[in-house]
Amino acid sequence: MCGILAVLGCGDESQGKRVHVLELSRRLKHRGPDWSGLHQVADNYLCHQRLAIIDPASGDQPLYNEDKSVAVAVNGEIYNHEELRERLSGHRFRTGSDCEVIAHLYEEHGESFIDMLDGVFSFVLLDARDHSFIAARDAIGVTSLYIGWGIDGSVWISSEMKGLNDDCEHFEIFPPGNLYSSKEKCFKRWYNPPWFSEVIPSVPYDPLRLRSAFEKAVIKRLMTDVPFGVLLSGGLDSSLVAAVAARHFAGTKAAKRWGTRLHSFCVGLEGSPDLKAAKEVADHLGTVHHEFNFTVQVRIDAIEDVIYHIETYDVTTIRASTLMFQMSRKIKALGVKMVISGEGADEIFGGYLYFHKAPNKEEFHQETCRKIKALHQYDCLRANKATSAWGLEVRVPFLDKEFIDEAMSIDPEWKMIRPDLGRIEKWILRKAFDDEEKPFLPKHILYRQKEQFSDGVGYSWIDGLKDHAASNVSDKMMSNAKFIYPHNTPTTKEAYYYRMIFERYFPQSSAILTVPGGPSVACSTAKAIEWDAQWSGNLDPSGRAALGVHLSAYEQDTIAVGGSNKPGPMETVVNGVAIES
């Protein structure tokens with residue numbers, strides 16, 4: 001992912017201002033180490049830090065229309081850019097960049113073109129003819145973006161908070177699926193799918209249709225001119241991404257250039273559940289597998305850097321980001337510039353263990369809608385910034401617009417967790433890829449119980465974090481927490497420890513307000529805590545907090561894992577079900 005910074009209408013056209021904007025742009029250089037560009041029109045500045053994935057030779061940004069009256073700085077990938085180029089046959093393109101179509105689409109359609117883009121993006125477009133600008137962010141918020149306002153009347157837009165927090169009187173998250181226009185000085189929602197209103201859908205479940213939609217989402221993300229791989233935790237989501245990518249990789253341009261064997265990457269503590277499962281999946285798929293081990297202490301040592309780059313004090317996000325942050329550094333050192341990952345499936349299909357307690361299909365569906373809408377503050381934030389910290393791009397096929405529309409149109413009765421019918425969490429996704437003739441995955445991997453990323457890499461990691469926080473935060477400090485941190489008051493020493501670090505880097509009140517809060521159990525929203533009375537006394541984001549669910553969710557003989565109800569050598573039996581230990 002690239003980095004963009006725009007300073008618009010600041011009233012200062014001087015060389016000194018240009019130098020200052022360039023200095024701020026360099027705070028984003030980790031996101032785009034391949035090229036730095038700046039375009040100035042009067043008192044408007046458009047900066048770009050490029051990570052070159054498509055057309056590395058000529059696709060430097062900002063990008064322009066034919067006479068350079070329209071300039072655009074983009075972070076993201078436009079997967080249907082070739083189709084859009086064909087529609088723009090009367091235009092002359094300067095580069096092979098997938099993002100150049102944005103400038104020409106604006107010429108043809110004004111602000112109304114954004115829904116034509118199939119991809120993930122955040123961009124700022126400057127029209128020199130009237131000094132107006134528009135900015136937009138992708139549907140779900142896979143790319144990060146912030147907007148701020150200076151006391152001098154300027155508008156600031158940046159891929160990360162650190163690009164604008166010192167110069168703005170107020171700043172906030174740029175909302176996903178929205179457009180901001182300088183002419184109207186307001187946000188307008190351009191993404192309005194049926195699920196967004198949380199109306200209960202009624203389309204019957206069609207496993208082959210769901211499978212096809214996901215395969216298309218993965219295939220379009222194989223578009224690259226640089227070496228890439230897949231993140232493979234051994235859980236269902238990343239394993240399906242790897243399985244589909246491996247099946248379709250051979251015919252791609254990347255395979256012809258870099259070799260036909262897909263590379264896969266996994267992180268964990270020695271003996272952790274994820275490492276064992278990931279190795280088994282990699283062997284099944286025939287990938288070149290890379291396994292990274294980090295001690296608990298090495299991870300703890302990285303916490304401050306993680307909080308600076310991820311820009312949050314949310315406990316769950318920091319736990320998982322630390323692992324992804326360190327793994328991304330190792331991956332980039334191998335010469336890889338892009339990875340495909342499995343974020344989003346748990347939100348779409350109700351894969352978190354607390355969904356076992358959903359009282360009916362209406363509440364199940366509404367919770368998935370709430371989870372998808374909040375992704376930009378949690379998993380998308382983590383995936384985008386933990387990888388971008390080292391100049392690595394992440395792509396997330398589960399959050400493909402067309403796939404989300406397909407999956408969220410299914411009657412949620414099919415998503416409900418029904419042990420009496422042999423349906424575990426994400427059963428409809430598992431069933432869609434349960435191919436007896438040409439298996440995508442080993443059966444017991446396909447039906448492996450959900451492990452949150454920060455749990456699956458080894459439970460001692462979470463326990464180590466809590467112990468470290470306890471050694472840095474005293475009981476006396478905790479007793480004053482509500483006075484020191486009146487907004488989103490930390491309720492644990494771990495949360496207090498993260499908050500101290502965050503406010504050292506980002507002390508502004510606007511920064512504090514960008515982080516969500518409220519009670520949660522096993523990654524639930526606050527609303528879902530009402531589903532089980534026990535949860536209100538066990539508010540921890542770990543999957544282990546889902547009391548009565550984790551490792552003990554099903555009755556005997558409800559499902560045959562791996563084709564047998566007999567435990568394997570590395571499994572234990574809980575309520576008659578073989579569970580990996």
Side-chain angles (χ1 to χ4, degrees), residues 1-3 27-33 49 51 75 142-144 159-162 228-233 235 238 264-269 272 274-275 278 290-343 375-396 452-458 460-462 464-465 468-469 494 497-499 501-502 504-506 515 541-542:
M1 292 292 180
C2 305
R27 294 184 182 181
L28 310 178
K29 197 168 186 177
H30 53 276
R31 298 182 65 90
Q49 301 288 345
L51 178 66
N75 170 30
V142 174
T143 61
S144 57
S159 295
E160 295 187 6
M161 197 157 51
K162 60 182 67 66
F228 82 102
V230 293
L231 302 185
L232 179 57
S233 71
S238 66
S264 57
F265 307 95
C266 184
V267 63
L269 293 171
S272 63
D274 278 0
L275 289 184
H290 306 266
E291 191 175 282
F292 304 118
N293 296 292
F294 300 103
T295 65
V296 171
Q297 186 59 54
V298 167
R299 296 175 183 182
I300 288 172
D301 291 343
I303 290 292
E304 294 206 15
D305 285 342
V306 169
I307 292 174
Y308 172 75
H309 279 285
I310 309 303
E311 302 180 325
T312 188
Y313 51 83
D314 175 69
V315 170
T316 314
T317 305
I318 293 169
R319 287 176 179 179
S321 294
T322 304
L323 312 163
M324 202 167 194
F325 176 84
Q326 292 177 310
M327 178 170 58
S328 296
R329 187 177 193 178
K330 290 286 190 180
I331 292 171
K332 186 62 184 290
L334 294 174
V336 172
K337 295 181 75 173
M338 185 270 283
V339 291
I340 308 179
S341 189
E343 279 76 14
L375 266 169
H376 69 284
Q377 295 180 293
Y378 296 101
D379 285 18
C380 288
L381 182 83
R382 164 183 56 79
N384 180 281
K385 292 183 180 178
T387 52
S388 294
W390 303 107
L392 182 70
E393 176 175 302
V394 65
R395 296 180 179 177
V396 284
Q452 285 165 216
F453 184 40
S454 52
D455 286 348
V457 295
S460 59
W461 161 234
I462 304 301
L465 277 176
H468 178 70
E494 184 184 4
Y497 177 63
Y498 298 155
R499 185 68 169 270
I501 298 170
F502 177 87
R504 194 161 70 241
Y505 292 124
F506 307 105
V515 182
S542 168

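Keep in mind it's a predicted model, so treat the numbers as computed, not measured.
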S.K.: Could you measure the distance from the CE atom of M338 to the CD1 atom of I331? Nearest 0.5 Å is fine.
M.R.: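 With rounding to 0.5 Å, CE (M338) is 12.0 Å from CD1 (I331).
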S.K.: Before giving the answer on side chain to side chain contact (heavy atoms under 4.5 Å, CB included), spell out for L275 and N293 the whole-Å C-alpha distance, their side-chain angles and the decisive distance to 0.1 Å.
M.R.: CA-CA 9 Å; L275 289 184; N293 296 292; 3.1 Å; yes
S.K.: Identify which one of E343, E160, R31, E393 satisfies the side-chain hydrogen bond (donor to acceptor under 3.5 Å, both in side chains) criterion when paired with N384.
M.R.: R31
S.K.: Counting distance only, does the side-chain N/O of W390 pair as donor-acceptor with the main-chain N or O of F325 below 3.5 Å?
M.R.: yes
S.K.: To the nearest 0.5 Å, tell me how far H30 NE2 sits from K385 NZ.
M.R.: 8.5 Å
S.K.: Once rounded to the nearest 0.5 Å, what's the spacing between atom CD1 of I318 and atom CD1 of I501?
M.R.: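 Those atoms lie 7.5 Å apart.
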S.K.: Identify the two heavy atoms, one from L51 and one from L392, that lie closest to each other, and give their separation to 0.1 Å.
M.R.: CD2-C, 3.9 Å
S.K.: Which atoms form the tightest heavy-atom contact between V336 and F228, and what is the distance?
M.R.: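 Residues V336 and F228, closest heavy atoms: CG1-CA, 3.8 Å.
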S.K.: Minimum heavy-atom separation for L232 to A278, with atom names?
M.R.: O-CB, 3.3 Å
S.K.: Which residues satisfy the side-chain hydrogen bond (donor to acceptor under 3.5 Å, both in side chains) test with Q326, sequence neighbours excluded?
M.R.: none
S.K.: What distance do M327 atom CE and T387 atom OG1 have between them, rounded to the nearest 0.5 Å?
M.R.: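 Between M327 CE and T387 OG1, I get 9.5 Å after rounding to 0.5 Å.
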S.K.: Quick one: which of I310, T322, V515, I307 gives a side chain to side chain contact (heavy atoms under 4.5 Å, CB included) with T317?
M.R.: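 The single option meeting the side chain to side chain contact (heavy atoms under 4.5 Å, CB included) with T317 is I310.
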S.K.: Return the minimal non-hydrogen interatomic distance between N75 and C2, and the atom names on each side.
M.R.: OD1-N, 2.8 Å
S.K.: First locate atom CG of L231, then atom OG of S328, and finally report the distance between them rounded to the nearest 0.5 Å.
M.R.: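 That separation rounds to 7.0 Å.
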S.K.: Distance-only, no hydrogens or angles: does the S238 side chain make a donor-acceptor pair with backbone N or O of S233 under 3.5 Å?
M.R.: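 Checked: pair present.
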S.K.: Determine, stepwise, if the pair S341 / M324 fulfils side chain to side chain contact (heavy atoms under 4.5 Å, CB included).
M.R.: CA-CA 11 Å; S341 189; M324 202 167 194; 4.3 Å; yes
S.K.: Supply the atom-to-atom distance Y497 OH to E494 CD, rounded to the nearest 0.5 angstrom.
M.R.: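 One gets 10.5 Å once the value is rounded to the nearest 0.5 Å.
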S.K.: Can you name the side-chain contact (heavy atoms from CB on, under 4.5 Å) partners of H290, sequence neighbours left out?
M.R.: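 For H290, the residues satisfying side-chain contact (heavy atoms from CB on, under 4.5 Å) (neighbours in sequence not counted) are H263, F265, V288, F292, L334.
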S.K.: Is atom NZ of K332 surrounded by more than 12 heavy atoms (other residues, nucleotides or ligands) closer than 6.0 Å?
M.R.: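 Result for NZ/K332: enclosed.
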S.K.: Can K162 and L28 be said to form a side chain to side chain contact (heavy atoms under 4.5 Å, CB included), step by step?
M.R.: CA-CA 8 Å; K162 60 182 67 66; L28 310 178; 4.2 Å; yes
S.K.: Any chance you could lay out the side chain to side chain contact (heavy atoms under 4.5 Å, CB included) test for V306 and Y498, step after step, and finish with the verdict?
M.R.: CA-CA 10 Å; V306 169; Y498 298 155; over 6 Å; no
S.K.: Parallel, tilted or perpendicular, judged at 30° and 60°: which one describes the rings of F506 and Y308?
M.R.: parallel
S.K.: Write down the atom of E304, the atom of Y505, and the distance for their closest heavy-atom approach.
M.R.: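 Shortest heavy-atom contact: O-CE1, 3.6 Å.
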